[in-house]
Protein chains: 2
Amino acid sequence: MYSEVMTTSERLIESTRELLWERGFTGTSPKAILQRAGVGQGSMYHHFAGKSDLALAAIRRTAQTMRATAETALSGEGGAYDRVRAYLLRERDVLRGCPVGRLTMDPDVIADPALRQPVFETLDWLRGRIAGILREGLEQGEFDAELDPDGTAAAVVATVQGGYVLARAAESPAPFDTAVHGVLALLTARTTRTPHGA
Amino acid sequence: MYSEVMTTSERLIESTRELLWERGFTGTSPKAILQRAGVGQGSMYHHFAGKSDLALAAIRRTAQTMRATAETALSGEGGAYDRVRAYLLRERDVLRGCPVGRLTMDPDVIADPALRQPVFETLDWLRGRIAGILREGLEQGEFDAELDPDGTAAAVVATVQGGYVLARAAESPAPFDTAVHGVLALLTARTTRTPHGA
DNA sequence: GTCTATATGATGATAGAC
DNA sequence: GTCTATCATCATATAGAC
């Protein structure tokens with residue numbers, strides 16, 4: 001199921017990452033993890049203390065991956081508007097939802113400080129990163145002075161996270177795309193130049 | 001635990017509503033439902049076909065309640081901007097999240113058309129209702145002509161849903177409030193008059 | 001390191017007494 | 001209608017062979 005050169009530990013982490021994305025922490029059993037990884041029960045308890053410990057390794061890696069993906073869009077070409085636009089419009093497997101954000105609906109994740117921390121840090125970093133870009137644009141005169149960088153950044157991130165909710169409810173990516181274009185169009189009203197795609 | 005005059009069936013639905021909100025469908029066991037309702041196992045299987053059937057009754061009622069609450073804010077005093085603002089800023093138990101939206105992260109809910117339907121219908125109605133209000137405001141000249149009612153409505157609903165995600169990750173209502181004020185401030189840029197709270 | 005028992009409690013549902 | 005068995009299966013973890 002995984003590359004031949006992948007270690008047992010790696011296979012366990014990868015299968016856990018997939019299952020956490022699909023079914024969350026509560027909905028993922030050690031048995032399901034082992035079957036997908038193609039290893040026996042003993043291997044899991046040799047490499048990890050238990051389900052939570054393995055989940056922590058998986059969540060940390062997923063958080064790191066998400067951060068890298070977002071950074072690619074946010075550090076791309078163009079001004080502040082263009083980079084936020086690139087983040088909002090980047091390709092996504094919308095119906096799968098956000099592998100980090102979905103964990104916030106898992107009470108067992110939120111109740112465990114160790115599991116919650118990478119989730120919080122990732123979303124908090126994302127908000128701060130976008131706010132910083134918007135502040136930059138503000139200083140460059142790209143937006144009018146009324147733009148609130150923190151509020152706008154939070155709205156942008158929330159629109160993406162909530163867009164997943166709407167899309168999964170509808171079993172269609174359409175509401176996600178509508179929401180993301182909607183928030184982008186609102187941001188356009190705060191730009192001083194005619195932005196790309198407006 | 002519940003009112004003396006509440007029927008057994010009512011007690012079961014209410015305890016299921018609470019548990020679905022707190023722990024989702026996968027995370028809620030019949031046993032937990034029965035204990036909270038204070039009834040025996042036989043009663044549940046007498047009144048309902050099983051866990052899914054009871055969850056369906058609970059979800060339908062929660063969906064109806066959410067719709068009524070939203071409608072109260074959206075049909076209040078003032079123009080389109082004021083009513084959308086009232087919806088966004090209404091009091092919420094932010095850290096509990098949305099009892100309807102959280103179900104979209106439950107794979108067993110999304111996989112069952114009967115359970116998914118009320119979730120979809122509620123969020124779809126909300127988007128349509130807000131879009132209609134914005135179109136009204138557009139016709140009244142309350143917004144400039146560039147405002148996209150459908151995109152803005154989707155962004156508003158998504159911001160609320162995503163705001164819950166950010167708040168739960170942070171274990172603080174602050175990011176929710178920031179996001180909601182952020183999207184409202186963006187909407188302000190599309191108004192033709194000086195709106196309330198701008 | 002990895003595997004296969006084995007153990008204990010939870011899950012989701014049924015049977016049948018009252 | 002409601003209750004208490006009872007049931008097969010699953011969840012999570014441990015023990016110990018190889």
Side-chain angles (χ1 to χ4, degrees), chain A residues 1-59 103 105-112 114-115, chain B residues 1-59 103 105-112 114-115:
Chain A
M1 180 161 272
Y2 295 107
S3 157
E4 288 295 320
V5 294
M6 217 181 240
T7 67
T8 298
S9 174
E10 285 295 311
R11 298 161 75 95
L12 283 166
I13 291 175
E14 288 305 312
S15 81
T16 304
R17 295 217 303 146
E18 292 173 11
L19 282 162
L20 286 180
W21 197 350
E22 293 168 20
R23 305 197 42 82
F25 182 78
T26 305
T28 297
S29 69
K31 189 184 181 185
I33 293 170
L34 299 170
Q35 282 179 341
R36 188 170 297 210
V39 304
Q41 215 149 2
S43 295
M44 170 176 150
Y45 287 102
H46 173 75
H47 291 285
F48 301 95
K51 179 185 168 180
S52 291
D53 188 42
L54 174 51
L56 179 59
I59 291 173
L103 297 170
M105 295 303 141
D106 225 310
D108 299 331
V109 170
I110 297 306
D112 183 335
L115 296 180
Chain B
M1 180 160 270
Y2 295 106
S3 158
E4 289 295 322
V5 295
M6 216 181 240
T7 65
T8 299
S9 174
E10 285 295 312
R11 297 162 77 94
L12 284 165
I13 291 175
E14 288 306 312
S15 81
T16 303
R17 295 214 305 145
E18 291 173 12
L19 282 162
L20 286 180
W21 196 352
E22 292 168 21
R23 305 197 42 81
F25 182 79
T26 306
T28 296
S29 69
K31 189 184 180 184
I33 292 170
L34 299 171
Q35 282 178 341
R36 188 169 297 210
V39 303
Q41 214 149 3
S43 295
M44 171 177 149
Y45 286 100
H46 173 76
H47 291 285
F48 301 95
K51 180 184 169 182
S52 292
D53 188 41
L54 174 50
L56 179 58
I59 291 173
L103 297 170
M105 294 303 141
D106 225 310
D108 299 331
V109 170
I110 297 306
D112 183 335
L115 295 180

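A quick note: this is a predicted structure, and the numbers were derived from the prediction, not measured. Sequence lines set the chain letters: A, B, ... in the order given, protein chains first and strands last, and positions in each chain run from 1.
Of the candidate nucleotides D/dA11, C/dA13, C/dC3, D/dA11 has the atom lying nearest to any side-chain atom of A/Pro30. Listed nucleotides: C/dT11, C/dT2, C/dG12. Nearest to the side chain of A/His47: C/dT2. The listed nucleotides are D/dT12, C/dT11, D/dT4; the one nearest the side chain of A/Ser29 is D/dT12. Counting only heavy atoms from C-beta on, A/Ser43 has its side chain closest to C/dT2 among D/dT12, C/dG12, C/dT2. Taking only side-chain atoms of A/Lys31, from C-beta outward, the nucleotide of D/dC10, C/dT11, C/dG12 with the closest atom is D/dC10.
Within the 3.5 Å criterion, the main-chain N or O of A/Ser15 finds no donor-acceptor partner in the side chain of A/Arg36.
In this entry the distance linking CE of B/Met44 with C1' of C/dA13 reads 8 Å, nearest Å. As rounded to whole Å, 14 Å separates atom C1' of D/dA13 from atom CG of A/Leu54. Atom pair B/Leu12:CG and D/dG1:C1' shows a separation of 12 Å (rounding to whole Å applied). Rounded to whole angstrom, the span from the CZ atom of B/Phe48 across to the C1' atom of C/dT14 amounts to 18 Å. Distance OH (A/Tyr45) to P (C/dT4): 15 Å, rounded to an integer number of Å. Note: CZ (B/Phe25) to P (C/dT11) measures 13 Å, nearest angstrom. The distance from atom CD of B/Gln41 to atom C1' of C/dA10 is 11 Å, rounded to the nearest whole Å. Straight-line distance from the CG atom of A/Leu19 to the P atom of D/dT12: 12 Å, rounded to whole Å.
Figure legend: cation-pi geometry between B/Lys51 and B/Tyr45 absent, as NZ or CZ is not positioned both under 6.0 Å from the six-membered ring centre and within 45° of its axis.
Dashed line: the shortest gap from a side-chain N or O of A/Lys51 to OP1 or OP2 of D/dT12 is under 4.0 Å. Between B/His46 and D/dC3 there is no side-chain polar atom (N or O) within less than 4.0 angstrom of OP1 or OP2. A close approach under 4.0 Å does not occur between any side-chain nitrogen or oxygen of B/Thr8 and OP1 or OP2 of D/dG1.
Mapped onto DNA chain D by nearest heavy atom, A/Gly42 and B/Gly42 fall at different nucleotides, with B/Gly42 at the one closer to the 5' end.
Annotation: side chain of B/Ile13 is in contact with side chain of B/Phe48 (closest heavy-atom distance under 4.5 Å). Looking at heavy atoms from C-beta onward, B/Leu103 lies out of side-chain contact with B/Ile110 at the 4.5 angstrom threshold.
Across all strands shown, A/Ser9 has no heavy atoms under 4.0 Å from either base or sugar-phosphate atoms.
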> Between B/Met44 and B/Leu54, is a side chain to side chain contact (heavy atoms under 4.5 Å, CB included) present by the stated rule, with each step listed?
Replying inline: CA-CA 8 Å; B/Met44 171 177 149; B/Leu54 174 50; 4.2 Å; yes

